[in-house]
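Worksheet for the structure shown next.
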Amino acid sequence: MQKRRVGPFAVNPIGLGCMNLSHAYGQPPSAEDGARLLQRALDLGVDFFDTAALYGFGANESLLGQALKDQRHRFTLASKSGLKGD
């Protein structure tokens with residue numbers, strides 16, 4: 001698979017937006033199911049994960065950190081900031 005440039009990073013063309021793992025679109029999956037999904041995506045070649053501090057008011061970033069902490073060298077993480085939620 002040919003890599004693409006995102007800033008200084010080279011990533012596969014398909015990434016994973018993680019918002020729905022802890023925010024929006026109804027009831028999010030359990031942390032265990034979310035962690036399994038993240039690990040499976042990584043095993044399938046996803047090497048770009050997109051999150052934000054706003055998603056689940058920190059829960060999304062915590063989920064990614066817990067689920068993938070031992071795999072950090074395998075992916076690029078995008079985390080948006082400056083967003084506010086009520």
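Every heavy atom of this structure was used, including side-chain atoms; hydrogens, water molecules and symmetry mates were not.
Heavy-atom contacts from other residues, nucleotides or ligands closer than 6.0 Å to CD of Gln66 number 12 or fewer.
A pairwise comparison of heavy atoms in Asn60 and Ser22 identifies ND2-OG, 2.8 Å as the closest pair. Scanning all heavy atoms of the two residues, the minimum distance from Asp47 to Arg74 falls at CB-O, 3.6 Å.
One distance of note links OG1 of Thr51 with CD of Glu61; it measures 5.0 Å at 0.5 Å rounding. The distance from the CG atom of Leu77 to the CZ atom of Phe49 is 9.0 Å, given to the nearest 0.5 Å. Taking CG of Leu64 as the reference point, atom OH of Tyr55 lies at 11.5 Å (rounded to 0.5 Å). A distance of 9.5 Å separates CD in Glu32 from CG in Leu63, rounded to the nearest 0.5 Å.
Linking Ile, Leu, Val, Met, Phe, Trp and Tyr whenever their side-chain heavy atoms come within less than 4.5 Å puts Val46 and Leu38 in one cluster.
In this structure, Arg5 is not positioned above the aromatic face of Phe9 in the sense of NZ or CZ being under 6.0 Å from the six-membered ring centre and within 45° of the axis.
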Residues 12-20, side-chain donor-acceptor partners within the protein, below 3.5 Å, at least two apart:
| residue | atom | partner | partner atom | Å |
| --- | --- | --- | --- | --- |
| Asn12 | ND2 | Gly45 | O | 2.6 |

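For the 3.5 Å distance criterion, the side chains of Arg36 and Gln39 fail to qualify, holding no donor opposite an acceptor.
No side-chain heavy atom of Thr76 sits under 4.5 Å from any side-chain heavy atom of Val6.
Listed for the Arg72 side chain is a donor-acceptor partner under 3.5 Å among the backbone atoms of Phe75.
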